[in-house]
Amino acid sequence: LPTMVAKRKAEFTVRTQQFKTNKLLNRKQFAVTVVHPNWNGTVPTSAIVKKVAQMYKVTDENQVSLFGFKTQFGGGKTTGFGLIYDDVASMKRIEPNYRLLRRGMGRKRGVARKSRKERRNRDKKIRGIAKGKAQTKKK
């Protein structure tokens with residue numbers, strides 16, 4: 001590999017297009033284009049979120065949601081979609097749970113229904129004091 005010129009983690013530029021203000025959903029929506037010619041792989045979404053928040057002077061980075069990134073064949077350019085909510089409360093209300101989970105804001109799923117039923121049926125086979133011990137052991 002010494003003959004290949006190694007690409008460094010370099011700077012990247014973020015541009016937005018088709019910028020719209022959606023007052024019904026309390027957000028601004030736009031297409032994001034990231035140009036990263038000297039970057040190995042793709043730029044982390046967290047870094048792009050920081051830059052978009054800085055560009056639009058957003059107070060809290062949790063109000064920014066970026067998704068759907070596709071890297072152009074050959075690299076160097078990535079396009080995706082972005083939303084900036086007016087406040088975190090409206091983001092939590094409107095944004096789908098899977099995207100909130102990516103940002104670390106959503107509700108985690110509980111124990112699966114089948115697992116609960118299987119555990120209950122296993123516990124039916126145990127009698128007396130051992131039943132309490134079996135339940136605490138599993139938690």
Side-chain angles (χ1 to χ4, degrees):
L1 292 173
T3 54
M4 271 179 53
V5 179
K7 286 184 175 181
R8 282 190 343 269
K9 294 281 184 205
E11 63 284 332
F12 59 94
T13 56
V14 178
R15 290 197 200 97
T16 59
Q17 297 169 304
Q18 301 167 0
F19 196 90
K20 288 182 188 135
T21 304
N22 189 334
K23 287 186 176 140
L24 291 173
L25 294 176
N26 297 331
R27 69 186 184 193
K28 297 167 193 77
Q29 47 199 50
F30 47 89
V32 184
T33 305
V34 184
V35 181
H36 48 95
N38 300 322
W39 196 285
N40 263 344
T42 56
V43 183
T45 311
S46 56
I48 302 170
V49 165
K50 281 190 179 97
K51 232 172 198 184
V52 168
Q54 190 182 340
M55 276 168 57
Y56 290 103
K57 297 175 182 70
V58 179
T59 51
D60 189 1
E61 285 179 8
N62 285 333
Q63 291 170 233
V64 181
S65 173
L66 302 176
F67 55 93
F69 282 100
K70 298 258 189 299
T71 306
Q72 193 179 48
F73 181 73
K77 185 180 174 187
T78 304
T79 54
F81 198 73
L83 307 167
I84 299 174
Y85 284 88
D86 295 348
D87 48 67
V88 179
S90 59
M91 179 172 180
K92 282 187 174 179
R93 192 175 68 247
I94 297 162
E95 198 73 347
N97 198 45
Y98 74 94
R99 285 208 298 253
L100 288 174
L101 278 169
R102 286 179 192 170
R103 304 284 297 138
M105 296 164 67
R107 297 178 312 279
K108 288 201 170 95
R109 281 194 171 169
V111 181
R113 185 164 182 246
K114 188 168 185 181
S115 301
R116 281 199 309 263
K117 286 183 169 192
E118 285 172 354
R119 178 176 292 160
R120 189 182 69 224
N121 289 332
R122 276 197 302 271
D123 289 345
K124 283 179 188 173
K125 293 169 189 159
I126 305 168
R127 287 186 53 138
I129 300 167
K131 185 179 274 192
K133 286 181 183 171
Q135 285 176 339
T136 54
K137 202 186 295 179
K138 285 170 188 154
K139 288 177 186 172

Would the distance check show the side chain of R103 and the main-chain N or O of S65 forming a donor-acceptor pair, the cut-off being under 3.5 Å?
no
Whether the side chain of D60 engages the backbone of Q63 through a donor-acceptor N/O pair (distance < 3.5 Å, no angle test) should be reported.
no
Are the side chains of [X] and [Y] in touch, meaning some heavy atoms are under 4.5 Å apart?
| X | Y | value |
| --- | --- | --- |
| F69 | T42 | no |
| L83 | R99 | yes |
| F30 | I84 | yes |
| L66 | V32 | yes |
| D86 | K28 | yes |
| T16 | M55 | yes |

If you count heavy atoms of other groups shown closer than 6.0 angstrom to [atom1] of [X], is the number above 12?
| X | atom1 | value |
| --- | --- | --- |
| Q54 | CD | no |
| K51 | NZ | yes |
| R120 | CZ | yes |

Quick one: do Y85 and L101 end up in the same hydrophobic cluster if we chain Ile, Leu, Val, Met, Phe, Trp and Tyr together by side-chain heavy atoms under 4.5 Å apart?
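As far as the 4.5 Å side-chain criterion goes, L101 and Y85 are not connected within one cluster.
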Distance check, rounded to the nearest 0.5 Å: [X] atom [atom1] versus [Y] atom [atom2]?
| X | Y | atom1 | atom2 | value |
| --- | --- | --- | --- | --- |
| R27 | T21 | CZ | OG1 | 11.5 Å |
| T78 | Q72 | OG1 | CD | 8.5 Å |
| N97 | E95 | CG | CD | 10.0 Å |
| L25 | K20 | CG | NZ | 12.5 Å |

Measuring centre to centre across the rings, with the benzene-like ring taken for any Trp, is Y56 within less than 6.0 Å of F19?
yes
Under the side-chain contact (heavy atoms from CB on, under 4.5 Å) criterion, do L100 and M91 qualify, and how do the steps go?
CA-CA 8 Å; L100 288 174; M91 179 172 180; 4.2 Å; yes
Verdict with supporting geometry, N26 and R93, side-chain contact (heavy atoms from CB on, under 4.5 Å)
CA-CA 10 Å; N26 297 331; R93 192 175 68 247; 3.6 Å; yes
